[in-house]
Amino acid sequence: MAAAIDGARTLAQMDELSRQVWQGHGSGALAGEEAQALAERLHGRRSAIRDGIVPVGISAGRTSLFPPRRNVTSPDKAMSRDRRRLLACSGPMPPALASRFTTGQLAVLRIVADEVAAKGVCGLCIDAIAARAGVCRRLAQGAIRLAEGDGLLTVEERRHVGRKNSPNLVRIISREWQAWMRRASRATVRGVGCKAIHPTDSRVLTSEKTEARGSGKELPKRQNSFRDSGSRESQRVAEPAGAMR
């Protein structure tokens with residue numbers, strides 16, 4: 001068994017040998033001291049194998065297969081400052097909850113809330129959230145962790161072995177915050193402080209409207225008829241007067 005342990009070259013072989021050692025100890029074939037000595041030998045050999053494993057494609061002096069992250073800075077710091085102040089003052093959450101966070105943190109939570117309101121979950125990477133909020137990635141990470149610690153949202157990590165991890169999924173679980181977002185969405189759909197406007201009809205006149213307008217030409221004829229009837233009434237009044245004379 002000791003020779004098999006020394007001749008093992010992979011971790012899978014070490015796991016199989018470890019299983020055989022403890023099975024032999026359970027069946028009584030190996031004494032407790034012998035099983036303990038073989039277990040220590042297995043542990044030392046496993047550590048040596050792990051130290052000799054080098055990931056393929058990684059050059060000397062590097063610890064990761066992926067390129068190092070670049071330090072990204074804002075091209076216009078004044079614009080980034082104005083953006084995060086505007087986002088923080090736009091009311092991303094109820095005042096009782098917003099009082100726990102700074103201006104930059106509120107700007108980050110505003111971006112998260114907008115994504116959740118639009119898609120049900122925020123799947124943006126941390127760099128995209130930080131760029132939209134006008135803050136650095138460290139501040140964005142701290143804001144999300146602080147809100148998670150207060151029980152306002154949850155973060156679902158999506159890790160992958162051997163390849164780049166997917167962005168975390170952020171969901172809002174605070175009932176107060178959710179009610180605040182629903183209220184804001186309804187106000188946006190209906191419009192606040194607006195009334196229905198009925199403008200003047202400026203469309204092209206149809207034939208019916210032109211005919212109605214043309215009927216006004218008969219007014220002079222009606223006026224003449226009124227004059228004729230008035231003259232006849234005056235004659236009737238004048239005849240009795242002449243007979244009395």
Side-chain angles (χ1 to χ4, degrees), residues 62-161 163-202:
R62 290 184 55 183
T63 59
S64 176
L65 178 63
F66 304 103
R69 183 181 290 109
R70 297 179 302 161
N71 293 328
V72 181
T73 58
S74 174
D76 192 344
K77 294 185 177 181
M79 185 176 295
S80 299
R81 179 198 60 200
D82 296 340
R83 187 187 306 116
R84 63 174 172 265
R85 288 179 179 177
L86 179 62
L87 292 173
C89 295
S90 62
M93 58 173 54
L97 301 179
S99 60
R100 309 177 189 177
F101 304 96
T102 63
T103 301
Q105 293 171 348
L106 287 175
V108 172
L109 297 179
R110 174 69 187 196
I111 300 301
V112 173
D114 290 344
E115 281 293 311
V116 172
K119 303 178 181 178
V121 62
C122 179
L124 296 176
C125 63
I126 196 66
D127 292 331
I129 296 175
R132 294 186 183 185
V135 299
C136 63
R137 70 187 316 272
R138 291 297 182 185
L139 196 150
Q141 288 177 337
I144 294 176
R145 289 173 183 171
L146 182 60
E148 182 184 13
D150 291 344
L152 302 180
L153 48 82
T154 59
V155 179
E156 178 186 349
E157 296 183 353
R158 297 189 291 175
R159 298 183 178 275
H160 304 291
V161 179
R163 58 191 180 94
K164 192 175 182 180
N165 298 330
S166 298
N168 298 337
L169 299 179
V170 182
R171 296 180 176 86
I172 296 176
I173 59 176
S174 172
R175 294 185 178 180
E176 297 180 6
W177 196 356
Q178 291 175 352
W180 184 271
M181 292 167 55
R182 288 193 297 267
R183 183 179 179 184
S185 61
R186 287 196 301 266
T188 304
V189 172
R190 292 183 303 175
V192 179
C194 298
K195 296 182 179 179
I197 300 176
H198 303 285
T200 305
D201 188 6
S202 58

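Residue numbers start at 1 and run along the sequence shown. The shown structure was predicted, so the numbers you read here are calculated from the model rather than taken from an experiment.
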- request: Might you point out which heavy atoms bring Ser174 and Leu97 nearest each other, and give the distance in Å?
  value: OG-CD1, 4.0 Å
For Ile144, the option from Asn168, Leu153, Leu152 that meets side-chain contact (heavy atoms from CB on, under 4.5 Å): Leu153
field: Minimum heavy-atom distance Lys164-His160, with the two atoms named
entry: O-CD2, 3.4 Å
statement: What one should report as the nearest heavy-atom pair of Asp127 and Arg137 is OD1-NE, 2.8 Å
- prompt: In Å and rounded to the nearest 0.5 Å, what is the CG to OG distance from Asp76 to Ser74?
  reply: 6.0 Å
query: Is there a donor-acceptor contact under 3.5 Å from the side chain of Arg84 to the main chain of Ala107?
result: no
message: Once rounded to the nearest 0.5 Å, what's the spacing between atom CD1 of Ile111 and atom CG of Leu106?
response: 12.0 Å
query: Distance from Asp114 atom CG to Ser185 atom OG, nearest 0.5 Å?
result: 11.0 Å
message: Before you tell me yes or no, could you show the steps for Val155 and Arg145 under side chain to side chain contact (heavy atoms under 4.5 Å, CB included), namely the whole-Å CA-CA distance, both residues' side-chain angles and the distance that decides it to 0.1 Å?
response: CA-CA 9 Å; Val155 179; Arg145 289 173 183 171; over 6 Å; no
query: Hey, is CD on Glu148 packed in by over 12 heavy atoms from elsewhere, all under 6.0 Å?
result: yes
query: Should Leu124 and Arg132 be marked as a side chain to side chain contact (heavy atoms under 4.5 Å, CB included) after you check the CA-CA gap, both sets of side-chain angles, and the distance that decides it?
result: CA-CA 10 Å; Leu124 296 176; Arg132 294 186 183 185; 3.6 Å; yes
- prompt: What are the two closest heavy atoms between Asn165 and Arg158, and how far apart are they?
  reply: CB-O, 3.6 Å
- prompt: In this structure, are over 12 heavy atoms from other groups packed under 6.0 Å from Arg175 atom CZ?
  reply: no
message: Under a 3.5 Å distance rule, please check whether Gln178 uses its side chain to pair with a backbone N or O of Ile172 as donor and acceptor.
response: yes
query: Could you give the distance from CZ (Arg110) to CZ (Arg83), rounded to the nearest 0.5 Å?
result: 14.5 Å
- line: Tightest non-hydrogen contact, residues Ile129 and Cys122, listed as CD1-SG, 4.0 Å
query: If you look at every heavy atom in Met181 and Val116, which pair is closest and at what distance?
result: CE-CG1, 4.1 Å
- request: Would you check if the side chain of Trp177 reaches a backbone N or O of Ala113 as a donor-acceptor pair within less than 3.5 Å?
  value: no
